[in-house]
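A short worksheet on the structure shown next.
Everything numeric here is computed off the predicted structure, so don't read it as measured data. Heavy-atom basis, side chains included; hydrogens, waters and symmetry copies ignored.
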Amino acid sequence: MAEFASRGVANAGLTTGIIGSALGLLNGGGLGLLGARDGTCSEDHTVNRYELEQSQEISKLKSDIALRDANTYQDQKMLEMYKYIDGKFNVFEARLAEQAVHNQRTQDSQNGMEKPRQGGESAGLWKQL
């Protein structure tokens with residue numbers, strides 16, 4: 001169940017990065033829908049365009065960092081899942097190989113017990129049994 005819980009955390013991290021990117025774009029990424037273009041900040045005093053551009057750049061960089069972190073986390077979890085599945089396949093392949101060896105031994109022992117149809121070295125072995 002732990003691997004399913006980590007998937008939820010990865011999805012939460014990715015969602016957070018996407019939301020941060022969307023808010024950064026809405027705030028100052030050309031749309032200005034959240035009030036960043038009107039020249040005021042939360043304390044209701046005017047800001048100049050340089051401060052506005054600086055704030056927008058900081059928001060963009062923060063959202064880029066959040067997205068990078070979410071992608072890194074997702075990559076780590078995908079690698080862990082691959083290693084887990086690969087380990088399970090290795091166990092499966094080992095069991096399959098053991099079964100193939102067992103099947104061959106069974107087939108060989110059955111071939112050795114069959115009554116020979118032609119006279120030969122194996123005919124003498126059959127008579128001894």
Side-chain angles (χ1 to χ4, degrees):
M1 291 300 279
E3 55 271 353
F4 296 115
S6 66
R7 182 176 176 207
V9 173
N11 287 340
L14 183 60
T15 303
T16 303
I18 291 171
I19 290 172
S21 297
L23 288 176
L25 286 173
L26 288 173
N27 192 25
L31 298 177
L33 296 177
L34 297 179
R37 295 276 183 195
D38 64 358
T40 61
C41 65
S42 61
E43 289 86 22
D44 286 335
H45 70 279
T46 58
V47 293
N48 60 30
R49 66 180 180 167
Y50 302 110
E51 291 173 343
L52 177 63
E53 288 174 2
Q54 186 179 33
S55 176
Q56 290 172 347
E57 183 68 21
I58 289 170
S59 295
K60 180 185 176 299
L61 291 174
K62 283 183 177 180
S63 66
D64 289 345
I65 289 171
L67 184 60
R68 184 205 62 207
D69 291 345
N71 287 337
T72 301
Y73 183 79
Q74 172 119 9
D75 290 345
Q76 289 172 349
K77 291 303 172 183
M78 294 278 289
L79 183 60
E80 288 176 14
M81 182 61 76
Y82 171 78
K83 288 179 181 179
Y84 172 78
I85 290 173
D86 191 45
K88 292 294 182 180
F89 279 138
N90 287 340
V91 170
F92 178 73
E93 287 174 356
R95 289 183 180 167
L96 190 62
E98 289 173 6
Q99 185 64 43
V101 168
H102 178 71
N103 290 349
Q104 187 63 44
R105 285 182 183 160
T106 303
Q107 184 180 8
D108 291 345
S109 67
Q110 289 174 353
N111 287 342
M113 296 300 291
E114 289 179 358
K115 192 172 187 179
R117 296 186 181 174
Q118 298 176 358
E121 292 180 20
S122 59
L125 178 64
W126 181 254
K127 290 179 184 176
Q128 290 175 0
L129 293 176

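The side-chain heavy atoms of R95 and F92, taken from C-beta on, include no pair separated by under 4.5 Å. Inter-residue side-chain proximity for K88 and Y84 is flagged as met; some heavy-atom pair is nearer than 4.5 Å. The shortest distance between side-chain heavy atoms of Q99 and H102 falls below 4.5 Å.
Between the CD1 atom in I65 and the OG1 atom in T72 there is a gap of 11.5 Å [rounded to 0.5 Å]. To the nearest 0.5 Å, the span separating CD on E93 from CG on D86 amounts to 8.0 Å. Atom CD of E53 is separated from atom CD1 of I58 by 12.0 Å, given to the nearest 0.5 angstrom. D75 contributes atom CG, which lies 8.5 Å from atom CG of L79 (distance to the nearest 0.5 angstrom).
One finds no salt bridge joining R68 and D64 here, because no Lys/Arg side-chain nitrogen approaches an Asp/Glu carboxylate oxygen to under 4.0 Å. Classification of K77 and E80 as a salt-bridged pair holds, one side-chain N sitting under 4.0 Å from a carboxylate O.
Both F89 and M81 are part of a single hydrophobic cluster, where members link through side-chain heavy atoms under 4.5 Å apart.
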Exercise. Could you walk me through whether E98 and V101 pass the side-chain contact (heavy atoms from CB on, under 4.5 Å) check?
Worked result: CA-CA 5 Å; E98 289 173 6; V101 168; 5.8 Å; no
For this session: Start with the C-alpha distance between D108 and Q104, add both sets of side-chain angles, then the distance that settles side chain to side chain donor-acceptor pair (under 3.5 Å), and finish with yes or no.
Result: CA-CA 6 Å; D108 291 345; Q104 187 63 44; 2.9 Å; yes
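In this structure, the side chain of S55 does not engage the main chain of L52 through any donor-acceptor pair within 3.5 Å.
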